[in-house]
Amino acid sequence: MPKVIYVGSDGIDRTIDAMPGDSVMSAAVRNGVPGIIGECGGNNSCATCHVWVHEEFRGVVGDPGDLEADLLDLGVSEPRECSRLGCQIELTDGLDGLTVTVPPTQP
């Protein structure tokens with residue numbers, strides 16, 4: 001069972017047990033992680049699940065696809081090299097301990 005660590009802008013780290021196949025967004029929404037809205041339900045169309053992936057996981061998580069990159073460029077307040085949409089990161093046992101920071105504001 002992969003664990004995801006959400007670092008909040010409030011300074012609180014929240015560790016969530018997720019199921020393989022969940023997305024970073026769905027695990028956050030199901031567990032009430034502040035700042036992850038998931039307005040579109042995980043359809044890669046709203047950018048309200050924007051996260052910053054911590055450096056040690058960037059290679060494993062990979063880069064955003066074209067549509068996701070467009071949403072990040074146009075739809076988030078603070079895009080960074082490590083920006084991803086949580087709905088596009090599928091959790092696996094290999095991502096156990098994945099750490100992401102929730103930006104202070106979502107669109």
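Atoms considered below: every heavy atom in the structure, side chains included; atoms not considered: hydrogens, waters and symmetry mates.
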*Would you call Met25 and Leu85 a side-chain contact if the rule is heavy atoms closer than 4.5 Å?*
no

*What do you reckon, is CG of Asp93 surrounded by more than 12 foreign heavy atoms closer than 6.0 Å?*
yes

*Quick one: pull up CD1 in Ile5 and NE2 in His54 and give me the separation to the nearest 0.5 Å.*
8.5 Å

*Quick one: name the residues clustered hydrophobically with Met1, using the 4.5 Å side-chain heavy-atom rule over I, L, V, M, F, W, Y, and just say none if it's on its own.*
Met19

*Name the one of Val24, Asp13, Thr99 that satisfies side chain to side chain contact (heavy atoms under 4.5 Å, CB included) with Tyr6?*
Val24

*Look at the side-chain heavy atoms of Ile, Leu, Val, Met, Phe, Trp and Tyr, link any pair under 4.5 Å apart, and say whether Trp52 and Val4 land in one connected group.*
no

_Shortest non-hydrogen contact from Gly97 toward Phe57_ = O-CZ, 3.1 Å

*With sequence neighbours excluded, what pairs up with Gln88 under the side chain to side chain donor-acceptor pair (under 3.5 Å) test?*
none

*What do the steps show when you test Val61 against Arg84 for side-chain contact (heavy atoms from CB on, under 4.5 Å), and what is the final call?*
CA-CA 9 Å; Val61 169; Arg84 288 294 309 268; 3.1 Å; yes

*Do Val33 and Val53 sit in the same hydrophobic cluster, where Ile, Leu, Val, Met, Phe, Trp and Tyr count as joined when their side-chain heavy atoms come under 4.5 Å apart?*
yes

*Are Pro103 and Arg80 side-chain neighbours, meaning at least one heavy-atom pair lies under 4.5 Å?*
no

_Heavy-atom closest pair, residues Cys87 and Ser23_ = O-CB, 3.8 Å

*Looking at Ile12 and Asp10, what are the two nearest heavy atoms and their distance?*
N-OD1, 2.9 Å

*Leu95 and Ile89: side-chain contact (heavy atoms from CB on, under 4.5 Å), yes or no, with the steps?*
CA-CA 10 Å; Leu95 285 175; Ile89 302 172; 4.2 Å; yes

*Would you indicate whether the side-chain heavy atoms of Glu55 and Cys82 approach each other to under 4.5 Å?*
no

